[in-house]
Amino acid sequence: MMIPARTSVPRAASRAGKALAAATLVGLALGLSGCAPEPEPEPKPTPAETTTPTAPAPTTAKPTPKPTTPPAPPAFDKQARSIDDPASIWVVTDKLRPLAPKEYEPADLRMPQGFVNTNGQPLRDEAATAVEGFLGAAAQNGLNVQIISAYRPYGMQVELYNSYIARDGQAAADTYSARPGFSEHQTGLVVDLDDGSGCALSECFGGTAAGKWLAEHAAEHGFIIRYPQGKQEVTGFIPEPWHFRYVGKELAAEMKRTGVVTLEEFFGLPAAPGYAD
């Protein structure tokens, strides 16, 4: 029988197969290693945040307020009351301005209370109340002041004026006594005061303690000295520091504030040194 001949594989082919197998193993190994997750990188430390200081917002300087001037008080109303009506507490009577009518009589006279009134003469109600406060304040300051003359009606002024003419003559009488119908006493707004020091109805009363105090505080109670020193050519009468005229606190205070001491000058009236006739 015939034995088949051995087929021999070429050596080159055998080496090629081994090389292929080896390459296959390496590929598997590489493939497996490619499927594994890569390790996460360690977190890098975050540098501390540095805060840049913010510059403060510029402040707008507030303007310095300008000093404000307080509003001026309202001007004194010189027409608030009549200076012609004899019933007005501002009535002005002098040698050029007789009362109208000349026989005028106030309707609201009453006797002041609580003080000596040597002639028992009344005043208008408002003036009587004011003089009670005036003399009360004087008493609190140790001054004993009394009333020696107040309201005088027309008929009484006729008698007084004629008696002065008989004693001193008309020219002299006209310097210290008003003619009937021209007298402030007839308005019921005037009071003559005295302190018993010996200067009654005399210019020296202004130098007494009572005279000085009364002059200083008259306006607080609504009074003025109607015939002041140095104003005879304006008022027509010699100084009478005892003769207090009630005009109300408002007008008295304004006259004191402005330093105008006569009603003629305050109201812009003509000076009245003498009578028209």
Side-chain angles (χ1 to χ4, degrees), residues 86-91 93 99 104-161 163-164 176-178 180 182-229 235 237-249 251-252 255-256 261 263:
S88 168
I89 63 171
W90 287 5
V91 63
T93 180
L99 295 172
Y104 166 74
E105 293 183 13
D108 58 347
L109 295 169
R110 75 168 179 86
M111 204 67 67
Q113 300 298 312
F115 301 95
V116 175
N117 187 342
T118 55
N119 288 310
Q121 293 173 338
L123 289 167
R124 288 188 57 188
D125 181 64
E126 186 175 341
T129 299
V131 82
E132 289 164 356
F134 192 18
L135 300 192
Q140 291 177 357
N141 283 271
L143 301 170
N144 184 21
V145 181
Q146 59 187 3
I147 299 168
I148 57 174
S149 184
Y151 169 69
R152 297 199 294 258
Y154 180 87
M156 180 181 289
Q157 193 67 22
V158 170
E159 295 177 5
L160 282 173
Y161 181 70
S163 71
Y164 297 144
Y176 62 81
S177 178
F182 292 80
S183 174
E184 284 216 320
H185 281 279
Q186 193 177 328
T187 67
L189 298 170
V190 169
V191 63
D192 291 339
L193 301 175
D194 184 44
D195 65 346
S197 63
C199 285
L201 304 178
S202 298
E203 194 171 343
C204 64
F205 180 73
T208 66
K212 290 177 180 178
W213 188 94
L214 292 169
E216 176 65 24
H217 297 278
E220 299 168 20
H221 300 275
F223 289 90
I224 62 170
I225 295 177
R226 179 65 177 97
Y227 305 123
Q229 184 76 35
T235 66
F237 294 99
I238 62 174
E240 293 189 359
W242 64 88
H243 180 114
F244 289 86
R245 161 67 191 274
Y246 181 73
V247 295
K249 291 182 180 180
L251 176 54
M255 290 180 69
K256 185 172 184 178
V261 295
L263 293 175

Quiz prompt | Nearest-0.5 Å distance, OG1 of residue T187 to OH of residue Y151 | solution = 9.5 Å
Practice problem: Only pairs at least two apart or in different chains count here, so list each salt bridge (Lys or Arg N to Asp or Glu O under 4.0 Å) that has a residue in residues 119-129. | Solution: D108-R124, R110-D125
Quiz item: Taking the side chain from S183 and the backbone from P180, do they hold a donor-acceptor pair closer than 3.5 Å?
Solution: no
Self-check item: ring pair (Phe, Tyr, Trp, His ring centres under 6.0 Å) partners of F134, counting only residues at least two apart
Solution: H221, F223, F244
Self-check item: By ring pair (Phe, Tyr, Trp, His ring centres under 6.0 Å) - contacts of W213 (at least two apart)
Solution: H217
Practice problem: With rounding to the nearest 0.5 Å, note down the distance linking CH2 in W242 to OG1 in T208. | Solution: 12.0 Å
Self-check item: Least distance between heavy atoms, I148 atom then T118 atom
Solution: CA-OG1, 3.2 Å
Quiz item: Which pairs, with at least one residue in residues 136-160 and sequence neighbours excluded, count as a salt bridge (Lys or Arg N to Asp or Glu O under 4.0 Å)?
Solution: none
Quiz item: Just wondering, more than 12 heavy atoms not from N141 lying within 6.0 Å of its CG?
Solution: yes
Quiz item: Can you find a pair of side-chain heavy atoms, one from L263 and one from I224, that are under 4.5 Å apart?
Solution: yes
Practice problem: For H243, enumerate each residue passing the ring pair (Phe, Tyr, Trp, His ring centres under 6.0 Å) test, keeping only those at least two apart in sequence or located in another chain. | Solution: H185, Y227
Quiz item: If every non-hydrogen atom of V91 is compared with every non-hydrogen atom of P86, which pair is closest and at what distance?
Solution: CG2-CA, 3.8 Å
Exercise. Scan residues 187-207 for pairs that pass salt bridge (Lys or Arg N to Asp or Glu O under 4.0 Å), counting only residues two or more places apart or in two chains.
Key: none
Quiz item: Where is the tightest heavy-atom contact between G206 and P241, given as atom of each residue plus distance?
Solution: N-CG, 3.6 Å
Quiz item: What closest approach, in Å, do A252 and V247 show between heavy atoms, and which atom pair accounts for it?
Solution: N-CG2, 3.8 Å
Exercise. Just jot down the side-chain contact (heavy atoms from CB on, under 4.5 Å) partners of K212, sequence neighbours excluded, or say none.
Key: none
Exercise. For T93 and F182, indicate whether the former's side chain and the latter's backbone hold a donor-acceptor pair under 3.5 Å.
Key: yes
Exercise. Taking salt bridge (charged side-chain N to carboxylate O under 4.0 Å, His left out) as the test, write out the residues that go with E184, two or more places apart.
Key: R226, R245
Practice problem: With sequence neighbours left out, write down each residue that passes ring pair (Phe, Tyr, Trp, His ring centres under 6.0 Å) with F115, or none if nothing qualifies. | Solution: none
Quiz item: What disulfide bond (SG atoms under 2.5 Å apart) pairs are there with at least one residue in residues 118-150, not counting sequence neighbours?
Solution: none
Practice problem: Could you tell me the separation between the CD1 atom of I89 and the NZ atom of K249, rounded to the nearest 0.5 Å? | Solution: 11.5 Å
Quiz prompt | Set of side-chain contact (heavy atoms from CB on, under 4.5 Å) partners for S202, sequence neighbours left out | solution = C204
Quiz item: Should L193 and L135 count as side-chain neighbours, where that means a heavy-atom distance under 4.5 Å?
Solution: yes
Practice problem: Tell me, yes or no, whether the heavy-atom count around E220 atom CD, taken from other residues, nucleotides or ligands under 6.0 Å, exceeds 12. | Solution: yes
Quiz item: Can you list the residues that meet the side-chain contact (heavy atoms from CB on, under 4.5 Å) rule with P112, with sequence neighbours excluded?
Solution: N117, L123, A128, V131, E132, I147
Quiz item: Minimum heavy-atom separation for A138 to L214, with atom names?
Solution: CB-CD2, 4.4 Å
Quiz prompt | Nearest non-hydrogen partners of Y246 and A130, listed with the distance | solution = CE1-CB, 3.4 Å
Quiz item: Under the 3.5 angstrom rule, does the side chain of Q113 hit a backbone N or O of M111 as a donor-acceptor pair?
Solution: yes
